[in-house]
Amino acid sequence: MAGKRKTEKQDEAAARAREEVGNVAEQLSSLATMTVAELKSQYKEVFGEPSRSSNKDYLRKKIAWRIQELAEGGLSDRAKQRIEELAADAPARFRQTVDPSQSTADHSLDPRLPTSGSVITKEHRGVTHEVKVLDDAFEYQGKTYRSLSKIAREITGTSWNGFLFFGLTQKRRRSAQ
(Lines give C-alpha, C1' and ligand atoms only; values in the text may rest on other atoms or scores of the structure.)
Protein backbone atom coordinates (compact mmCIF):
# COMPACT_ATOMS: atom_id res chain seq x y z
CA MET A 1 0.00 0.00 0.00
CA ALA A 2 2.83 2.42 0.86
CA GLY A 3 4.42 1.74 -2.52
CA LYS A 4 1.14 2.48 -4.24
CA ARG A 5 0.74 5.83 -2.45
CA LYS A 6 4.23 6.82 -3.47
CA THR A 7 3.43 5.97 -7.07
CA GLU A 8 0.19 7.99 -6.93
CA LYS A 9 2.06 10.96 -5.46
CA GLN A 10 4.68 10.65 -8.19
CA ASP A 11 1.95 10.48 -10.82
CA GLU A 12 0.26 13.58 -9.39
CA ALA A 13 3.58 15.46 -9.32
CA ALA A 14 4.29 14.42 -12.91
CA ALA A 15 0.81 15.59 -13.98
CA ARG A 16 1.35 18.98 -12.29
CA ALA A 17 4.75 19.27 -13.96
CA ARG A 18 3.22 18.50 -17.40
CA GLU A 19 0.49 21.07 -16.75
CA GLU A 20 3.06 23.71 -15.81
CA VAL A 21 5.15 22.92 -18.89
CA GLY A 22 2.00 23.21 -21.01
CA ASN A 23 1.27 26.55 -19.38
CA VAL A 24 4.81 27.73 -20.17
CA ALA A 25 4.37 26.66 -23.78
CA GLU A 26 1.09 28.61 -23.97
CA GLN A 27 2.71 31.69 -22.45
CA LEU A 28 5.62 31.51 -24.87
CA SER A 29 3.38 31.09 -27.91
CA SER A 30 1.20 34.02 -26.82
CA LEU A 31 4.25 36.32 -26.99
CA ALA A 32 4.25 36.05 -30.80
CA THR A 33 0.94 37.91 -31.12
CA MET A 34 1.51 40.60 -28.49
CA THR A 35 1.94 44.28 -29.35
CA VAL A 36 4.89 46.27 -28.03
CA ALA A 37 2.70 47.78 -25.29
CA GLU A 38 1.52 44.32 -24.23
CA LEU A 39 5.09 43.01 -24.27
CA LYS A 40 6.27 45.94 -22.12
CA SER A 41 3.45 45.22 -19.67
CA GLN A 42 4.39 41.53 -19.58
CA TYR A 43 8.05 42.48 -19.11
CA LYS A 44 7.17 44.58 -16.08
CA GLU A 45 5.12 41.69 -14.70
CA VAL A 46 7.88 39.07 -14.98
CA PHE A 47 10.89 41.27 -14.14
CA GLY A 48 9.32 43.66 -11.64
CA GLU A 49 10.61 46.76 -13.44
CA PRO A 50 9.75 48.54 -16.69
CA SER A 51 11.69 47.85 -19.87
CA ARG A 52 13.63 50.67 -21.46
CA SER A 53 13.46 48.89 -24.80
CA SER A 54 10.62 48.96 -27.30
CA ASN A 55 12.19 46.39 -29.60
CA LYS A 56 9.63 43.61 -30.12
CA ASP A 57 12.13 40.81 -30.78
CA TYR A 58 14.28 41.76 -27.79
CA LEU A 59 11.25 41.92 -25.49
CA ARG A 60 9.94 38.56 -26.72
CA LYS A 61 13.29 36.84 -26.17
CA LYS A 62 13.86 38.42 -22.78
CA ILE A 63 10.34 37.60 -21.52
CA ALA A 64 10.54 34.05 -22.89
CA TRP A 65 13.84 33.52 -21.10
CA ARG A 66 12.38 34.83 -17.82
CA ILE A 67 9.20 32.72 -18.07
CA GLN A 68 11.33 29.62 -18.58
CA GLU A 69 13.68 30.63 -15.77
CA LEU A 70 10.76 31.01 -13.36
CA ALA A 71 9.24 27.69 -14.45
CA GLU A 72 12.47 25.69 -14.44
CA GLY A 73 14.16 27.31 -11.47
CA GLY A 74 16.98 29.18 -13.20
CA LEU A 75 20.65 28.40 -12.83
CA SER A 76 21.86 25.92 -10.27
CA ASP A 77 23.76 27.15 -7.22
CA ARG A 78 26.88 25.49 -8.64
CA ALA A 79 26.54 27.40 -11.92
CA LYS A 80 26.01 30.69 -10.07
CA GLN A 81 29.09 30.00 -7.93
CA ARG A 82 31.16 29.27 -11.05
CA ILE A 83 29.96 32.50 -12.67
CA GLU A 84 31.04 34.45 -9.58
CA GLU A 85 34.47 32.79 -9.73
CA LEU A 86 34.89 33.68 -13.40
CA ALA A 87 33.45 37.17 -12.91
CA ALA A 88 36.27 38.14 -10.56
CA ASP A 89 38.36 38.86 -13.65
CA ALA A 90 35.56 40.57 -15.58
CA PRO A 91 35.23 44.35 -15.82
CA ALA A 92 33.16 45.86 -12.99
CA ARG A 93 30.23 46.76 -15.24
CA PHE A 94 29.68 43.06 -16.01
CA ARG A 95 29.81 42.01 -12.35
CA GLN A 96 27.23 44.42 -11.03
CA THR A 97 24.04 42.73 -9.90
CA VAL A 98 20.89 44.71 -9.20
CA ASP A 99 17.92 43.60 -7.14
CA PRO A 100 14.94 45.44 -8.67
CA SER A 101 13.10 45.48 -5.34
CA GLN A 102 16.02 47.34 -3.71
CA SER A 103 16.68 49.75 -6.57
CA THR A 104 15.97 53.42 -5.99
CA ALA A 105 17.45 54.66 -9.25
CA ASP A 106 15.14 56.17 -11.83
CA HIS A 107 15.58 53.97 -14.88
CA SER A 108 13.21 55.98 -17.05
CA LEU A 109 15.81 58.64 -17.87
CA ASP A 110 19.05 58.19 -19.74
CA PRO A 111 22.19 58.15 -17.56
CA ARG A 112 23.77 60.79 -19.82
CA LEU A 113 21.35 63.36 -18.42
CA PRO A 114 22.30 65.68 -15.56
CA THR A 115 20.43 65.26 -12.29
CA SER A 116 16.86 66.37 -11.87
CA GLY A 117 16.58 70.14 -11.35
CA SER A 118 19.59 70.91 -13.55
CA VAL A 119 19.31 73.33 -16.43
CA ILE A 120 20.72 72.51 -19.86
CA THR A 121 21.58 75.55 -21.97
CA LYS A 122 22.09 75.71 -25.72
CA GLU A 123 22.79 78.71 -27.89
CA HIS A 124 21.24 78.41 -31.33
CA ARG A 125 21.33 81.20 -33.92
CA GLY A 126 22.16 83.79 -31.28
CA VAL A 127 19.38 82.77 -28.90
CA THR A 128 20.10 81.01 -25.61
CA HIS A 129 17.65 78.21 -24.85
CA GLU A 130 17.28 76.76 -21.35
CA VAL A 131 15.80 73.34 -20.59
CA LYS A 132 15.13 72.21 -17.04
CA VAL A 133 15.57 68.49 -16.31
CA LEU A 134 12.62 67.13 -14.32
CA ASP A 135 12.24 63.71 -12.67
CA ASP A 136 10.66 62.12 -15.72
CA ALA A 137 10.49 64.86 -18.37
CA PHE A 138 11.88 68.24 -19.43
CA GLU A 139 10.56 71.78 -19.16
CA TYR A 140 11.14 74.28 -21.96
CA GLN A 141 9.43 77.69 -22.17
CA GLY A 142 6.79 76.65 -19.63
CA LYS A 143 5.84 73.46 -21.50
CA THR A 144 6.65 69.87 -20.49
CA TYR A 145 8.29 67.52 -23.01
CA ARG A 146 9.07 63.80 -22.75
CA SER A 147 12.23 63.99 -24.87
CA LEU A 148 15.06 66.35 -25.70
CA SER A 149 14.63 65.52 -29.37
CA LYS A 150 11.17 67.12 -29.40
CA ILE A 151 12.61 70.26 -27.82
CA ALA A 152 15.45 70.33 -30.37
CA ARG A 153 12.87 70.04 -33.15
CA GLU A 154 10.87 72.88 -31.57
CA ILE A 155 13.99 75.08 -31.56
CA THR A 156 15.38 74.21 -35.01
CA GLY A 157 12.34 73.11 -36.98
CA THR A 158 14.18 69.95 -38.07
CA SER A 159 14.73 66.51 -36.59
CA TRP A 160 17.66 66.22 -34.20
CA ASN A 161 19.02 63.73 -31.74
CA GLY A 162 18.34 65.62 -28.51
CA PHE A 163 21.52 64.45 -26.77
CA LEU A 164 23.64 65.51 -29.73
CA PHE A 165 21.90 68.88 -30.13
CA PHE A 166 22.33 69.78 -26.46
CA GLY A 167 25.91 68.50 -26.34
CA LEU A 168 25.24 65.63 -23.95
CA THR A 169 27.07 63.07 -26.06
CA GLN A 170 30.45 63.16 -27.68
CA LYS A 171 30.78 62.76 -31.42
CA ARG A 172 32.84 59.76 -32.41
CA ARG A 173 35.99 60.58 -34.23
CA ARG A 174 36.71 58.80 -37.46
CA SER A 175 39.77 56.63 -37.15
CA ALA A 176 42.63 57.49 -39.45
CA GLN A 177 42.60 55.08 -42.36
Practice problem: Please name all residues satisfying side-chain contact (heavy atoms from CB on, under 4.5 Å) with Ile83, sequence neighbours left out, ordered by chain then number. | Solution: Leu75

Practice problem: Using the test side-chain contact (heavy atoms from CB on, under 4.5 Å), find all partners of Thr35 that sit at least two apart in sequence or belong to another chain. | Solution: Ala37, Glu38

Spacing of [X] atom [atom1] and [Y] atom [atom2] [to the nearest 0.5 Å]:
X      : Y      : atom1 : atom2 : answer
Ile151 : Arg146 : CD1   : CZ    : 11.5 Å
Ser159 : Lys150 : OG    : NZ    : 11.0 Å
Ser41  : Met34  : OG    : CE    : 8.0 Å
Lys40  : Ile63  : NZ    : CD1   : 11.0 Å
Leu59  : Ser54  : CG    : OG    : 7.0 Å

Self-check item: Listed partners of Arg153 passing salt bridge (Lys or Arg N to Asp or Glu O under 4.0 Å), at least two apart
Solution: none

Self-check item: Inter- and intrachain pairs under salt bridge (Lys or Arg N to Asp or Glu O under 4.0 Å), touching residues 59-70, at least two apart
Solution: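 Qualifying pairs, neighbours excluded: Asp57-Arg60, Arg66-Glu69.
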
Practice problem: Please check if the side chain of Ser118 supplies one atom and the backbone of Pro114 the other of a donor-acceptor pair under 3.5 Å. | Solution: no

Quiz prompt | Step-by-step side chain to side chain contact (heavy atoms under 4.5 Å, CB included) determination, Trp65 to Val46 | solution = CA-CA 10 Å; Trp65 171 82; Val46 297; over 6 Å; no

Under 4.5 Å between any side-chain heavy atoms of [X] and [Y], yes or no?
X      : Y      : result
Leu148 : Leu168 : yes
Phe163 : Leu113 : yes
Phe138 : Thr144 : no

Quiz item: Looking at Ala152 and Trp160, what are the two nearest heavy atoms and their distance?
Solution: CB-CB, 3.7 Å

Quiz prompt | Taking every non-hydrogen atom, the tightest pair across Tyr145 and Ala137 | solution =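 Between these two residues, the closest heavy atoms are O-CB, 3.2 Å.
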
Indicate every side-chain donor-acceptor pair of residues 120-134 with a distance under 3.5 Å to a residue at least two apart or in another chain.
| unit_1 | atom_1 | unit_2 | atom_2 | d |
| --- | --- | --- | --- | --- |
| Lys122 | NZ | Phe165 | O | 3.2 |
| His129 | ND1 | Tyr140 | OH | 2.7 |

Quiz item: Taking atom types as modelled and ignoring hydrogens, do the side chains of Ser149 and Ser147 form a donor-acceptor contact shorter than 3.5 angstrom?
Solution: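 Absent: no donor and acceptor within the cut-off.
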
Exercise. Check side chain to side chain donor-acceptor pair (under 3.5 Å) between Glu85 and all other residues, then give those that pass, not counting sequence neighbours.
Key: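 Testing Glu85 for side chain to side chain donor-acceptor pair (under 3.5 Å), a comparison that skips the adjacent residues, returns Arg82.
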
